[in-house]
Amino acid sequence: MFLRTCTVRVILFVIVASALSACETSGMQSTPTIATLTAAHPSPSLPAMTTATAKPPRTSPTPTLESLGTPIEPLVTAPRILLHSWSPDGKFLAYWTFTQEEVAADYTYPPGTLNFLNIGNGQICQPPKPVGYPYSGTSPIAWQPDGRILVITAGEVLLGRPCQQDFADVTGRLPGVLGIAIASPDDTVWLLSNEKGYSLYLPETQALREVAGTVGGSNTGYSWSPGRSRLGITGALDDAKAATWVIDVQTGTVADEIEWRYRSAEGNFAGPIWLSESQLLIQATVDQGPLLLTVGQGVAPIVTKLFGVPGKPDCPDTNSCDVFRLASGATVRDTQAFHIALFDAGDTHSPQTVLLYHSESGEVERLPSSTAGFSPDGRWLIVQSSISTTQGERFQIGLRPVDPPGSETRPLIDIESSSLPLWSADSSLLVSGTPDGLTVFSADGQRVSSWTAAGYALEPGLWSPDGKYLTVRADPQSLTLPPQGEFLSAVQVR
């Protein structure tokens, strides 16, 4: 499913994502690839490695920001609320609500009710026909660049504007369509799932192009290259094998394909992380660590090639601990430079260290942290370290520029949750949970605003495309609160 969110570039299996990812994915969670390469490709050339140790974070106390927030007002209340996406112009928010009866029987995958919220006047409406929540991994709705929304329901395809009576039947344009797998960030190209496999659709021209060959598997994930000329698809095959395909968007043909083995876990894969139009990162493997694929030239195990460390981390007791190398990466927007962060994940017992690779020089920094993630523009790095206190485990969040090497880390906040902050699309703002609410920071670490809701745990949802609004979902912390359960709000940040 595609989502209109921008987040820290750390993508894990669902059971790990709650600990590392700042991305709430509208109820459709993404998970990483963990694998062993089986395709016979030569290793691409890589810059020579040098090493350096980063400056430690400042020792000044990290703020906790407790009791500084403005009370937040609910816009929608329901026993359960699952977000989907903003319209391209940021005027409407699509989400599903569920009744108490549906929540009690959630093992039956109840359909819920699709709603559209007009953020300007608070109007809430539904599409002309019921649309069930997407449990399958593909979405039944997709926004067009002009603000109209495509709705797939009961064998029909409808197109119109939310809260207006202009929905038209366009089933004939998309024969056999089952759902929208992913849309490009500008909504100009969609990957459709159909009865035969996949097809590429251009809403503006209504052009439809089949994707050639057998592509995809179960638990599939998708991602676009920076220039949108290629699409990465990862899916599970069988016998713990998975594959990653690279699709040429102009022709619909497969430009490259590799197979690898993955770790058993629940949930969908994430698509590979693109570092350029020709290079992409598979985040982890069972025995070689993460892999770097250069389209048409092969793959390289980056743990040994770039970082000079063993593919498997040290484990004091191989029968009781489950530790693996995990990588995150990002391209610096409007440049050819990229960076890769490598760290241990799972049941870690080793010292906390993040290795940061700089493609411009081949330099590798050692950062005294346990987890790291990038801003959408690739220019900022969030680092996280766990600390033990008398009240239990807490997590220190720090922020630093990715370049130059050795940049100072600024303490941002101490929190109880291990989730990384959520970035706005333009990388100018980020939001984090706090002990009693939410706080938005600027990219230089300055507090912008905070919100609270007595008796509720606040969870950041989706930034609007222009970064003006942030959705917030509130989950009651007490059984004595009103029976309507969760509430949804949208706060104006700027």
Side-chain angles (χ1 to χ4, degrees), residues 5-11 19-24 52-66 68-69 326-333 335 337-343 352-358 363 365-387 394-435 437-451 460 463 467 470 493-494:
T5 65
C6 293
T7 71
V8 179
R9 296 297 301 277
V10 180
I11 313 174
L20 297 180
S21 174
C23 177
E24 200 301 314
T53 300
K55 297 177 182 178
R58 296 179 185 175
T59 57
S60 57
T62 306
T64 57
L65 300 174
E66 297 186 24
L68 295 177
L326 185 69
S328 178
T331 301
V332 180
R333 188 174 293 168
T335 76
F338 65 83
H339 302 86
I340 300 174
L342 179 72
F343 46 91
Q352 296 181 341
T353 302
V354 171
L355 302 180
L356 178 63
Y357 171 78
H358 298 259
E363 182 172 347
E365 290 186 77
R366 293 182 176 272
L367 311 180
S369 304
S370 56
T371 305
F374 296 91
S375 61
D377 64 6
R379 300 181 185 276
W380 294 91
L381 185 73
I382 294 176
V383 293
Q384 180 194 89
S385 301
S386 62
I387 54 175
R394 296 184 65 86
F395 298 88
Q396 292 181 330
I397 305 295
L399 180 66
R400 57 158 278 180
V402 174
D403 286 316
S407 295
E408 185 178 39
T409 299
R410 178 189 180 119
L412 195 65
I413 193 172
D414 281 5
I415 55 176
E416 297 177 356
S417 168
S418 60
S419 298
L420 294 178
L422 177 67
W423 287 95
S424 61
D426 62 3
S427 300
S428 65
L429 298 172
L430 64 163
V431 59
S432 175
T434 61
L438 294 176
T439 296
V440 171
F441 299 90
S442 60
D444 61 2
Q446 298 299 313
R447 176 180 172 273
V448 176
S449 51
S450 298
W451 295 271
W463 286 98
L470 172 70
V493 181
R494 54 186 174 190

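Note that these values count all heavy atoms, side chains included, but never hydrogens, waters or copies made by symmetry. A quick note: this is a predicted structure, and the numbers were derived from the prediction, not measured. In this chain, residues are counted from 1 in sequence order.
Considering every non-hydrogen atom in both Val354 and Phe343, the closest pair reads CG2-CB, 4.0 Å. In this structure, Val332 and Gly378 approach most closely via the heavy-atom pair CG2-O, 3.7 Å. In this structure, Ala425 and Pro376 approach most closely via the heavy-atom pair O-CB, 3.8 Å. Across all their heavy atoms, Pro405 and Asp403 have their closest contact at CD-OD1, 4.0 Å.
Exactly one of Val383, Leu420, Ile397 qualifies for a side chain to side chain contact (heavy atoms under 4.5 Å, CB included) with Thr371. That residue is Leu420. Screening Ser449, Ser428, Ser424 against Arg494 for a side chain to side chain donor-acceptor pair (under 3.5 Å) leaves a single residue, Ser428.
Considering CZ of Phe374 and CZ of Arg379, their distance stands at 13.5 Å, rounded to 0.5 Å. To the nearest 0.5 Å, atom CG of residue Leu399 and atom CD1 of residue Ile413 are 12.5 Å apart.
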Report the C-alpha separation of Leu356 and Arg400 in whole Å, then their side-chain angles, then the decisive distance to 0.1 Å, and conclude whether the side-chain contact (heavy atoms from CB on, under 4.5 Å) test is met. CA-CA 12 Å; Leu356 178 63; Arg400 57 158 278 180; 4.1 Å; yes
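Contact check for Thr434 versus Ser450: no side-chain heavy atoms found under the 4.5 Å cut-off. Using a 4.5 Å heavy-atom threshold, the side chains of Leu381 and Leu367 count as touching. You'll find the side chain of Leu430 reaches within 4.5 Å of the side chain of Leu412, heavy atoms only. You'll find the side chain of Phe395 stays beyond 4.5 Å of the side chain of Ser385, heavy atoms only. For the pair Leu470 and Val431, the minimum side-chain heavy-atom distance is below 4.5 Å. Within the 4.5 Å cutoff, side-chain heavy atoms of Val493 are placed close to those of Trp463. Considering only heavy atoms from C-beta on, Glu365 stays 4.5 Å or farther from Leu355 through its side chain.
Residues forming a side-chain hydrogen bond (donor to acceptor under 3.5 Å, both in side chains) with Ser432 (at least two apart in sequence, or on another chain): none. Listed by chain and number, the residues in a side-chain hydrogen bond (donor to acceptor under 3.5 Å, both in side chains) with Ser442 are Asp444 (sequence neighbours excluded). With sequence neighbours excluded, no residue forms a side-chain hydrogen bond (donor to acceptor under 3.5 Å, both in side chains) with Arg333.
For Ser427 (side chain) and Asp377 (main-chain N/O), a donor-acceptor pair under 3.5 Å exists by modelled atom type. In this structure, Thr331 contributes its side chain and Phe338 its backbone to no donor-acceptor pair below 3.5 Å.
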